Student: 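My structure is below; once you've seen it, I'll send some questions.
Atom set for the values below is all heavy atoms of this structure, side chains included, hydrogens, waters and symmetry mates excluded. Treat the numbers as computed from the prediction; the structure is a model and nothing was measured.
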Amino acid sequence: MKFRVFAAVAAASALTVTLGVAPAQAHNNKHHHHPPAITNVKILAEGLGGPLKVAFGPHGNILVAESMAGMITSVSPSGKKKTLVSAPGKEIVGLSYARGTTNYFENAGSDGSEPAPGLTPALLKKIDHRGKTRTVTDMSRFEKEHDPDGKTVYGVRDVSKSCLAQSPELQSKGELYSHPYSSVPARNGLYVGDSGANAILHVNNHGKVSLVKTVPAEPILITKAVQTAGAEAGMDVPDCMLGHKYWAQPVPTDITIKGSWLYYTVLPGVPGESMSVGKVYKMNLHSKKTYTVATGLNAPTGIALDSKGSVYVAQLFGEGVAKIVRGKAVTVLPAVMASDVAIHGHRLIASTEALMPSGKLVTARIR
């Protein structure tokens with residue numbers, strides 16, 4: 001087992017019995033006496049099956065990827081639902097919309113279980129303004145040919161051979177695995193966050209896939225707390241590894257664009273997803289230089305920017321949707337299992353209770 005993050009974020013439901021809101025998150029809020037204003041919070045839709053991704057759609061409608069149900073649902077301003085895609089047994093993620101076109105990925109499996117060995121289809125599909133669906137490409141083909149993180153060493157890198165022999169599974173290289181999970185449209189095509197390939201990719205308007213960035217492994221210092229968290233996740237971390245760094249798979253979970261900057265969230269794989277080590281980065285699309293925007297996040301799986309350039313994140317295991325203030329998360333929309341967030345003008349939408357039997361779509365107004 002490579003101890004990557006859940007094959008689909010839905011698999012995290014198995015961990016929730018041991019996870020609560022991290023003390024660091026609540027602590028951060030105490031330092032900000034004037035949290036950003038958010039008003040008119042409403043539940044627009046309920047009974048959603050794993051609403052992992054949301055997007056503003058046409059005619060004031062909101063699009064929801066009900067990933068566990070293999071569906072895309074359009075929700076009207078009055079809350080009326082209409083099914084746009086139904087693919088039982090498939091995972092529907094990476095939902096985005098722009099200029100009359102809906103983009104999404106149809107991946108193998110929707111139950112959150114570890115995928116079978118080898119590559120499985122990861123289809124990029126588009127729905128045009130007439131409602132016609134077509135398959136653009138299979139993202140797994142690029143992974144098979146290029147394997148962006150194939151040479152990256154995950155796990156421990158600098159322990160002795162005798163120490164590694166006690167838990168040899170704690171060192172591995174990136175495997176052939178494509179799991180496109182997020183997308184953002186651009187004039188020259190579609191940017192894609194592939195949480196299996198640990199890469200940011202680009203698909204041009206003709207369907208050609210190219211590498212934008214291989215996302216580096218995330219270092220986690222192995223402490224007693226990490227050792228305990230690892231044990232809860234099925235990792236046997238021997239004492240000889242204490243004090244060394246564990247290089248976790250970064251797992252990009254969402255992306256967005258503002259001008260020439262691409263923002264993305266990472267949710268480092270086991271044991272990272274239970275330890276508030278999620279981050280937000282921004283990368284200049286021209287120079288490819290990357291900067292840290294925020295740290296200490298609790299499973300960030302959604303990101304959005306407002307018109308002023310302020311960053312908002314949905315934290316699956318945090319307190320809800322937060323605004324990034326001086327590099328830290330300040331909760332503005334308290335919610336359980338917030339999996340995604342999107343902003344258009346002064347309107348904010350978020351999917352919540354995403355891993356519960358009845359997920360919700362929430363709307364709000366931001367200042």
Side-chain angles (χ1 to χ4, degrees), residues 7-9 48-76 81-110 115 118-146 148 176-197 199-212 252-257 262 340 342 344 351:
V9 175
L48 302 171
L52 297 185
K53 293 295 177 184
V54 296
F56 287 97
H59 313 301
N61 297 325
I62 296 171
L63 306 178
V64 182
E66 297 187 60
S67 301
M68 296 181 197
M71 296 170 56
I72 293 178
T73 299
S74 176
V75 182
S76 73
K81 301 177 188 176
K82 178 183 178 181
T83 300
L84 301 184
V85 173
S86 180
K90 300 296 184 181
E91 180 203 47
I92 304 297
V93 287
L95 179 65
S96 62
Y97 175 87
R99 298 179 291 279
T101 299
T102 300
N103 310 284
Y104 69 96
F105 297 103
E106 182 182 290
N107 296 329
S110 61
L119 287 171
T120 54
L123 306 180
L124 168 59
K125 296 193 172 188
K126 292 180 178 286
I127 307 174
D128 66 20
H129 66 281
R130 297 182 298 271
K132 183 178 180 180
T133 302
R134 68 182 178 94
T135 298
V136 176
T137 189
D138 183 349
M139 303 296 292
S140 69
R141 293 175 183 170
F142 183 86
E143 172 71 3
K144 183 177 181 179
E145 293 178 8
H146 301 279
L176 283 174
Y177 177 42
S178 179
H179 185 210
Y181 192 74
S182 58
S183 70
V184 59
R187 291 186 181 277
N188 60 345
L190 190 75
Y191 287 95
V192 176
D194 193 318
S195 64
I200 307 297
L201 307 173
H202 180 262
V203 183
N204 71 13
N205 293 322
H206 303 290
K208 182 179 179 180
V209 183
S210 59
L211 178 66
V212 177
T253 51
D254 201 17
I255 57 176
T256 193
I257 288 177
L262 185 146
D340 199 14
H344 180 70
S351 49

Student: Nearest 0.5 Å, what's the CG-CG distance between L201 and L211?
Tutor: 6.0 Å

Student: Is any side-chain heavy atom of V209 less than 4.5 Å from a side-chain heavy atom of R141?
Tutor: no

Student: Which distance, rounded to the nearest 0.5 Å, do you find between the CZ of F142 and the OG1 of T137?
Tutor: 10.5 Å

Student: Does the side chain of N107 come under 3.5 Å of the side chain of T120 through a donor N or O and an acceptor N or O?
Tutor: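 On atom types as modelled, these side chains do not qualify, holding no pair under 3.5 Å.
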
Student: Check for a donor-acceptor pair, side chain of S178 on one end and backbone N or O of E143 on the other, with a separation under 3.5 Å.
Tutor: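 It does not hold such a pair.
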
Student: Report the distance from atom CG of L95 to atom CD1 of I62, rounding to the nearest 0.5 Å.
Tutor: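 Here the rounded value is 11.5 Å.
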
Student: Give the minimum heavy-atom separation between G193 and I200, together with the two atoms involved.
Tutor: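 That closest heavy-atom pairing would be CA-CD1, 4.3 Å.
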
Student: Report the distance from atom CG of L119 to atom OG of S140, rounding to the nearest 0.5 Å.
Tutor: 5.5 Å

Student: With sequence neighbours left out, which residue pairs that include part of residues 48-66 fulfil the side-chain hydrogen bond (donor to acceptor under 3.5 Å, both in side chains) condition?
Tutor: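 Qualifying pairs: K53-D254, E66-T73.
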
Student: Identify the heavy atoms of A55 and Y97 that sit nearest to each other, and give their distance.
Tutor: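 Taking A55 first and Y97 second, the nearest heavy atoms are CB-N, 4.4 Å.
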
Student: Ignoring hydrogens, what is the shortest heavy-atom contact between G70 and I92? Give both atom names and the distance.
Tutor: C-CG1, 3.5 Å

Student: Strictly distance-based, threshold 3.5 Å: is any side-chain N or O of S183 a donor or acceptor partner for the main-chain N or O of G94?
Tutor: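 Between the backbone of G94 and the side chain of S183 there is a qualifying donor-acceptor contact (under 3.5 Å).
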
Student: Among all residues two or more places apart in sequence or in another chain, which pass the salt bridge (charged side-chain N to carboxylate O under 4.0 Å, His left out) test with R99?
Tutor: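 If we apply the salt bridge (charged side-chain N to carboxylate O under 4.0 Å, His left out) test to R99, skipping adjacent residues, there are no hits.
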
Student: With sequence neighbours excluded, what pairs up with F56 under the ring-ring contact (aromatic ring centres under 6.0 Å, His included) test?
Tutor: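 Partners of F56 by the ring-ring contact (aromatic ring centres under 6.0 Å, His included) criterion, ordered by chain and then number, come out as H344.
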
Student: Which heavy atom of P180 sits nearest a heavy atom of M139, and at what distance?
Tutor: CG-CG, 4.0 Å

Student: What distance separates S195 OG from H179 NE2, expressed to the nearest 0.5 Å?
Tutor: 4.5 Å

Student: Please enumerate all residues that pass side-chain hydrogen bond (donor to acceptor under 3.5 Å, both in side chains) together with K208, with sequence neighbours excluded.
Tutor: none

Student: Short question: side chain of E91, backbone of S67 - any donor-acceptor pair under 3.5 Å?
Tutor: no

Student: With sequence neighbours excluded, tell me which residues meet ring-ring contact (aromatic ring centres under 6.0 Å, His included) with F105.
Tutor: none

Student: Say you draw a straight line from CG of L190 to OG1 of T101; how long is it, rounded to the nearest 0.5 Å?
Tutor: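 Spacing of CG (L190) from OG1 (T101) equals 10.5 Å.
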
Student: List for me each residue that meets salt bridge (charged side-chain N to carboxylate O under 4.0 Å, His left out) alongside K125, sequence neighbours excluded, and say none if there are none.
Tutor: E106

Student: With a 3.5 Å cut-off and no angle check, do the side chains of N103 and S96 form a donor-acceptor pair?
Tutor: yes

Student: Treating H129 as the side-chain partner and P58 as the backbone partner, does any N or O pair qualify as donor plus acceptor under 3.5 Å?
Tutor: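 Checking the backbone N and O of P58 against the side chain of H129, no donor-acceptor pair under 3.5 Å is found.
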
